[in-house]
Amino acid sequence: TFLSFTKTKEVTMEPNYLILLDYNTGQIVKIKLTENEKSKSERYENFEDFMREELEDRYQFRTKDVCWMTVEDLSERTYNI
């Protein structure tokens, strides 16, 4: 049997929004990152360090209390609210 692997092109996403699920407060927090914040985030080895050092105090959350994701474009769906 011959296995063939093709390298897929890596797609880079511009993190324009940070979405937090804060399980300490029960809140969904949506942050549109400023150009300055995006620029600063690129200086960090990982995004979580950037969140902890640059965003926690400004946006009043604790990185250890959230699940998070970044997205390029924000889109929402809501049901039965």
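What you see is a predicted model; the values in this text were computed from it and never measured.
At a threshold of 4.5 Å between non-hydrogen side-chain atoms, the residues Leu20 and Met51 count as touching. Here the side chains of Ile19 and Ile31 are not in contact, with every heavy-atom distance at 4.5 Å or above. Residues Leu33 and Leu55 have side chains in contact (heavy-atom distance under 4.5 Å, counting atoms from C-beta outward).
By the side chain to side chain contact (heavy atoms under 4.5 Å, CB included) test, Thr25 is found to be paired with Asp22, Gln27, residues two or more places apart in sequence or in another chain being considered. In this structure, Glu56 has no salt bridge (charged side-chain N to carboxylate O under 4.0 Å, His left out) partners at least two apart in sequence or on a different chain. Under the salt bridge (charged side-chain N to carboxylate O under 4.0 Å, His left out) criterion, Arg52 pairs with Glu48, Asp49, not counting sequence neighbours. For Glu42, the side-chain hydrogen bond (donor to acceptor under 3.5 Å, both in side chains) criterion is met by no residue, not counting sequence neighbours. A search for salt bridge (charged side-chain N to carboxylate O under 4.0 Å, His left out) contacts involving Glu54 returns Lys40, not counting sequence neighbours. For Glu45, the salt bridge (charged side-chain N to carboxylate O under 4.0 Å, His left out) criterion is met by no residue, not counting sequence neighbours. Partners of Lys30 according to the side-chain hydrogen bond (donor to acceptor under 3.5 Å, both in side chains) rule, which considers only residues two or more places apart in sequence or in another chain, are Glu76. Scanning for ring-ring contact (aromatic ring centres under 6.0 Å, His included) contacts around Tyr44 gives Phe50, with sequence neighbours left out. In terms of the side-chain hydrogen bond (donor to acceptor under 3.5 Å, both in side chains) criterion, residue partners of Arg58 (sequence neighbours excluded) are, by chain and number, Glu37.
In this model, a donor atom of one side chain and an acceptor atom of the other lie less than 3.5 Å apart for Asn16 and Lys38.
With side-chain heavy atoms closer than 4.5 Å counting as contact, directly or through intermediates, Tyr79 stands alone and belongs to no larger hydrophobic cluster.
The neighbour count for Asp57 CG, taken as heavy atoms of other residues, nucleotides or ligands under 6.0 Å away, does not exceed 12. The environment of Leu74 atom CG is dense: over 12 non-hydrogen atoms of other residues, nucleotides or ligands sit within 6.0 angstrom.
A ring pair (Phe, Tyr, Trp, His ring centres under 6.0 Å) check over residues 58-78, counting only residues at least two apart or in different chains, returns the pairs Phe47-Trp68. Within the structure, no pair that satisfies the ring pair (Phe, Tyr, Trp, His ring centres under 6.0 Å) test touches residues 16-42, not counting sequence neighbours.
Atom-to-atom distance recorded for Leu18:CG and Met69:CE is 9.5 Å, nearest 0.5 angstrom.
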